[in-house]
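Reminder, nothing fancy here: chain letters follow the sequence lines and each chain counts from 1. Note that the structure is a prediction, hence the values are computed from the model and not measured.
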Amino acid sequence: MKRSSWKEYQKEIADDRYYYARSCIRQNFFPGSETTFLRIMREALGKDIFDDPRHTSCTGIGYHSDIVPLDTTMAVVARQFALATEAGYENIAVSCITSFGLYTEILETWHEFPETEARARENLFKATGREFVIPKNIAHTSDLVFHNREKIEELAVRRLVDARTGEPLRIVEHIGCHYAKIFPKSGIGGSEFPYVLAGMVEQWGGSVVDYPERRHCCGFGFRNYLVQANRGFSIANSRKKLESMAPYKPDMIVANCPGCAMFLDKWQYALAEMENSTYGADGRGIPVLTYEEMAGLVLGYDPWEMGMQMHQVDVEPVLERLGVKYDPAAKFLGRAGKYIGAPGEAAVNSFSGDRIYRIRQ
Amino acid sequence: MAEMTFYSGFVIPFIVGTSVLFAVILYKYMRWMVRLPREDKRLVRRGVFSRATAEAIWESVAECLLHRRIWKVNPLLGYMHTAFALGWFLLIVVGWAETAAYLGGRLVPLQGHIFFKYFTTSLDHAPRWGVDFEAVMDLLLLYVLSGLALALFKRIRSRALGMRRTTRLTFGDRVALTSLWFVFPMRLLAESATSGIYGSGGFLTGSLGGALVSTMPAASMASFETAAWWGYSVALGVFFVSMPFSRYMHIFTEVPLIFLRRWGLRSGETEKSFDHFQIEACSRCGVCIDPCQMQRDAGVTNVQAAYFIRDRRYGKLTREVADNCLMCGRCEGRCPVGIGVNALRLNSRHSLNGTPADGRYDYVKGLDTSTGSRVFEGAGCEIGYSMKQGRVGFYAGCMTLLSPRILKAMEVIFAAAGEDVWWADRNGGVCCGRPLKLSGDVEAARDMMRFNEGLFRRHGITVLVTSCPICLRVFREDYALEGIEVLHHSEYFERLLSEGRIALSASDDGGLLAYHDPCELGRGCGIYNAPRNLLHAVADLVEPTETRENALCCGSSIANIHLPGAGQLAIGRAVGSAFEATGATEIVTACPLCKKALTRGTDLPVSDLAEVVERHLKVAR
Amino acid sequence: MKRVIVIGGGPAGMQAAVALKAAGLEPVIVERSDALGGKLRDWHNLFPSATPAREVLDGLRKAVEMARVEVLLHTEVEGLTPDGSKPSVEVALAGGHAVQLSGGRKLEAAAVVVASGFDVFDASLKEEYGYRIYDNVFTTVDVERMLNEGGVALADGSAPRRVAFVHCVGSRDEKVNQKHCSKVCCVTAVKQAMEMRALFPEADIYNFYMDIRMFGPGYEELYQRAQQESRVNFIRGRVSEASPTIDGRIQIKAEDTLVGRPMKMSVDMLVLAVGMKAGSSCEKFARTADAALSPNGFLAPADLFSGCVASGVPGVFYAGAATAPKTIGESLAEGSMAACWVVEYLDTLAK
Amino acid sequence: MGAINFGYTVSAARAIDLDRNDLGPARQIAAEMPEFAACIACGGCTATCTAGALTNFNFRMVQTLVRRGEYAGAWREMNKCMLCGKCRLVCPRGINTRGVVRLIKRKLGDY
């Protein structure tokens with residue numbers, strides 16, 4: 001089963017002119033990633049991508065937690081489409097995997113059951129007076145980066161290799177469940193062998209770690225995390241993945257889903273606190289990056305500008321390995337050079353205890 | 001006579017051997033006696049001045065000297081043992097008398113008696129007190145030597161002495177045995193040499209001495225004499241030193257064992273000091289090996305009583321040896337020393353396997369699955385059963401529950417007798433506890449026993465009938481069931497028959513029944529006749545060669561927790577063919593487990609007694 | 001001599017005899033009962049196609065009649081040698097065979113085909129299942145008979161509301177010295193469960209199994225139909241005990257091993273899927289012919305692959321369930337095959 | 001570590017992990033009693049079990065778990081057994097079930 005199966009499923013990805021649908025939680029946890037995405041698309045690749053302040057949550061979290069009914073969700077999604085239509089965009093780039101899954105699911109439902117589409121149109125019109133045209137193309141933003149991976153490689157200032165040895169970095173890629181597990185045809189490589197992140201990693205010189213629990217869920221699972229009583233199950237699943245990948249000594253994890261990146265990152269901290277176990281080679285955890293951050297580093301962007309100081313597991317080991325020049329003292333300085341506060345010491349913070357920050361403070 | 005110093009260099013081995021022997025034996029006995037538990041000591045104090053002591057003295061003579069029980073096993077074997085024991089004993093006693101007869105009241109050291117011939121060459125050996133001591137002593141020596149010849153013969157052909165197999169020896173045994181074999185031939189040579197030189201001696205030593213002198217130069221004859229006495233003394237010394245560490249420890253230990261046993265001491269559920277007397281009284285004669293079906297049919301040759309006791313004595317007992325035994329009791333019945341090996345095995349199992357009860361059966365608390373037409377719910381137990389005189393309870397036991405034919409037969413018979421029965425465990429109950437006890441888990445077993453006792457009392461029964469001999473035995477031996485009569489169903493049927501509550505019709509189909517004695521019922525509870533009487537009433541009965549007290553075990557005994565299925569089957573088949581050889585058309589037994597085991601072992605139909613009784617019930621009473 | 005003795009007039013024997021006759025030999029069927037057909041006479045419909053057993057039987061009988069095969073009924077073969085002693089190989093090689101028949105008769109032949117079949121396991125040996133103790137415990141053989149007699153019913157004539165089948169009764173059970181798998185009982189029990197469904201549309205039907213072994217063509221499909229269309233419940237657990245209930249039903253106990261909990265249920269009718277035991281005469285034939293027996297008591301073929309109808313003794317051949325549990329179809333195939341081997345053997349002798 | 005109360009703990013994994021489980025004791029048990037491996041999981045033992053009728057005790061399941069290297073609580077479970085021997089009488093594979101109970105208690109338990 002060597003590599004080729006991971007490339008088999010391909011899907012159509014529009015080349016330009018996107019309506020951008022942001023994620024709810026990414027803006028909290030990885031606030032720089034979406035900005036980085038826009039920067040890559042606009043500055044590096046010169047694409048037209050419309051960032052619309054009027055769009056809302058897709059209700060995905062509420063929908064998957066059985067709080068928001070399907071009709072409501074359909075009306076909300078229809079409104080996003082209407083906004084895109086009004087703005088003159090036919091293609092939608094979705095930042096969140098759950099939103100992406102939900103849009104795909106709803107379009108598929110409308111296709112199979114046209115009466116639901118009619119109802120959604122009616123509800124939307126009654127509530128807002130808006131109308132929409134079904135988008136021509138829906139892609140996840142990681143699809144877009146994948147789509148442009150060769151162009152990015154041309155612009156790259158570095159490759160995903162150890163700056164000292166030239167060895168490719170060992171990278172664990174994690175795909176959100178809703179990317180292709182609902183509709184295999186909606187993801188590059190399908191549901192079993194998704195290639196979207198692997199394609200980027202391989203294009204940019206890294207090596208992908210193939211480990212037993214590669215396809216397993218990160219553990220978020222909505223209700224499993226949102227209800228405290230179930231949270232033990234959520235973290236157990238993350239641990240299962242981490243235990244499974246640890247023997248491969250990965251340099252980093254890259255994820256394309258807001259929840260996954262967050263849980264694989266934050267649960268490492270919780271596990272260190274609860275069980276005193278960490279999974280990185282140095283006992284400090286495995287850094288978790290978003291694919292935008294990974295692309296940004298390849299393009300030579302400043303890590304702190306990309307918001308990488310917001311990660312629970314410190315990213316400095318990856319930066320060191322890639323040979324990224326960064327100012328350690330500037331880590332917790334915000335935009336205007338104002339100190340934004342450093343986290344308390346933890347097993348997964350290999351650098352935050354550094355004196356320099358204290359001095360600056 | 002002044003020159004009689006009774007000392008020569010060669011006596012040293014003998015003196016050393018004797019001292020070691022008596023020191024070790026005394027040390028052992030003192031230690032064991034001191035460590036006896038308080039109740040045992042009380043028994044000893046009470047027994048010493050009772051009739052039991054006199055009985056013990058007689059038993060000691062009968063068993064330790066005359067070996068009465070071994071004579072019963074095989075006369076040749078008996079002769080061999082008696083020749084050694086009685087012969088040697090008489091050599092010592094008569095030797096003592098000889099010394100006294102010739103030397104009067106003079107104090108003679110021990111070696112003076114033993115090596116009398118050597119030290120008293122200056123005496124004239126004319127008969128004294130009207131006894132020709134030289135002839136008598138020669139006769140006794142010849143007697144012992146004849147026993148020795150038989151022993152040598154037994155090593156080569158044990159079958160002739162009624163034993164198909166003999167025990168394998170330990171190192172200590174080998175040393176002791178070899179030295180023992182040398183003792184009497186050396187004595188013969190030594191005494192003959194001295195007799196030859198000094199022209200004395202009886203018909204044996206005198207004539208052999210004469211022959212020696214005539215064939216040997218005088219100088220070599222003198223050194224031959226010295227060498228022979230040295231050899232004799234060394235053989236004695238080595239034998240005495242090795243004796244307490246070998247199986248020959250039994251020679252002495254059997255005596256205290258007989259006394260203690262007469263005074264009422266027994267081995268119990270847990271190991272205790274008295275066990276030492278039993279263990280070291282085992283001579284490993286091997287009489288226990290031949291009857292063992294494990295050896296005979298299942299090919300297991302390291303677990304028999306003699307080996308079990310040997311391993312336990314030397315601290316080498318393994319679980320396998322302790323566990324891999326049917327505890328059928330066939331060997332115990334034949335032990336010439338009367339060692340209670342099953343009790344020893346049980347307390348070994350307790351030491352090896354017992355675990356704390358730990359409330360592990362707490363789940364049975366408050367359970368009651370019993371059924372019956374009138375379940376009694378009394379305020380107080382005592383009032384309860386005095387009010388309900390004659391109330392019969394039936395406890396099927398786990399195994400009967402797997403034999404619906406027995407259950408159904410019981411039901412029919414109870415109905416025919418008009419008995420209003422309380423069924424203790426028809427819908428499943430709590431095990432009687434015997435299997436657990438047999439596996440060594442005594443404390444845990446007690447939990448179950450207490451539970452069932454409570455259940456029986458609560459329902460105010462006065463007669464407890466069971467179809468399972470395993471349950472029967474534990475009810476009788478371990479349950480506190482005062483006021484409740486415990487009956488095996490065979491005894492109960494017999495009673496119903498004699499009271500005229502049921503009647504049986506003889507069959508005329510020409511069927512020939514053979515009865516299999518379950519171990520727990522026969523050797524366990526002494527019930528042999530009740531089932532036979534019932535069977536006699538309905539058909540002709542034949543007996544297999546080994547029956548009643550010697551009956552074979554079915555092979556599936558609950559007491560063996562180690563034997564794999566193939567071994568059980570092999571024994572079952574052997575028993576099956578023993579029954580087939582009787583020409584019987586049907587095997588009847590009185591134990592559900594035996595029934596299952598025999599059904600596998602033969603093609604003959606196998607029934608429980610209850611089924612046969614049911615089949616022959618005269619319906620109109 | 002052209003005579004070939006065929007021991008046993010069941011499907012395998014009849015098929016062998018017809019094929020031998022067609023090859024120009026003179027088969028004689030020696031049958032101990034009063035008619036040809038063997039146990040096929042007792043069966044109702046055959047799995048998996050529900051072909052009436054009568055159809056197959058009539059076809060075979062007709063073929064035997066048409067071929068004018070000599071049949072000796074009420075005749076038992078006492079041994080494969082004239083006096084029950086060990087055979088002389090020389091005689092066998094010379095093409096002379098003589099078998100000892102009941103009544104002191106002797107019959108000579110050039111070859112012998114042993115098609116003596118199997119015995120049905122005696123379910124009363126599994127006492128804990130209550131066969132011949134409780135009225136409403138039957139075997140699959142009883143059910144076939146009842147179906148042939150026109151109806152399945154409880155002892156009191158009423159219709160069962162709940163029926164349970166117990167698989168592996170007298171098969172795969174060292175407690176009754178039957179370690180082998182009888183192979184046909186699974187599919188028989190499934191077939192009968194479906195027949196029960198047809199008879200009693202409202203009844204609950206349960207099959208208790210250890211493993212379901214559906215090895216033949218169409219068997220697995222039959223199993224699925226039993227589950228889906230006939231609504232037969234399959235419970236993976238061996239029944240360990242059967243006891244009577246107060247209302248005259250039978251309570252059975254098993255472990256539902258897939259759930260991991262003991263279970264019990266009361267049924268009106270308990271059907272024991274009895275296994276196939278080595279035929280009672282196998283031992284006798286093996287002894288007198290100096291042939292080998294398998295550990296399970298069936299006759300052992302010379303070779304399991306290329307010589308499944310050969311005995312290893314010259315001139316003696318096997319067909320059907322004398323060597324192992326077999327289906328009707330397999331027995332018929334072996335009947336033909338044994339005939340082929342006889343012909344080849346006699347040809348070789350003639351050369 | 002562990003100073004923080006998260007209000008929940010990591011759920012134990014339910015999967016039987018044959019890579020992680022130490023199969024040594026299971027192999028030792030099988031070596032001492034080879035018939036231990038002959039079980040076909042028919043459940044006859046559990047169905048007839050005297051103790052199992054009175055409490056939650058499943059001999060078949062516990063011994064299967066032991067064979068998979070899942071030893072936690074096995075000997076405590078086996079302690080519920082009354083050693084009555086009914087299971088041995090119904091086992092179609094002739095396994096010395098009582099011996100298995102004892103062996104598991106000895107290898108994994110308290111003596």
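Summarising the geometry of D:Ala47 relative to C:Ser240, their closest heavy-atom pair is CB-OG, 3.4 Å, with the distance given to 0.1 Å.
Other residues, nucleotides and ligands contribute over 12 non-hydrogen atoms within 6.0 Å of the CG atom of D:Leu18. Atom CZ of D:Arg76 has 12 or fewer heavy atoms from other residues, nucleotides or ligands within 6.0 Å. Counting heavy atoms of neighbouring residues, nucleotides and ligands inside a 6.0 Å radius, atom CG of D:Asn56 does not exceed 12 of them. Other residues, nucleotides and ligands contribute over 12 non-hydrogen atoms within 6.0 Å of the CZ atom of D:Arg67.
For the set C:Arg236, C:Lys264, C:Lys179, C:Lys253, the entry with the most heavy-atom pairs within less than 4.5 Å of chain D is C:Arg236. Contact count versus chain D (heavy atoms, under 4.5 Å) is highest, among C:Arg172, C:Arg261, C:Met263, for C:Arg172. Contact tally against chain D (heavy-atom pairs below 4.5 Å) for C:Met210, C:Glu241, C:Gln178: the top residue is C:Glu241.
D:Val90 has its side chain within reach of C:Glu128: a pair of non-hydrogen atoms, C-beta onward, lies under 4.5 Å apart. The shortest distance between side-chain heavy atoms of D:Arg60 and C:Glu255 falls below 4.5 Å. In this structure, C:Glu174 and D:Pro92 have side chains that are not in contact, with every pair of non-hydrogen atoms separated by 4.5 Å or more.
The backbone N or O of D:Leu89 lies less than 3.5 Å from no partner atom in the side chain of C:Lys175, so there is not a single donor-acceptor pair.
Considering CZ of C:Arg238 and SG of D:Cys91, their distance stands at 8.5 Å, rounded to 0.5 Å. One finds the CG atom of C:Asp256 at 11.0 Å from the OG1 atom of D:Thr46 (value rounded to the nearest 0.5 Å).
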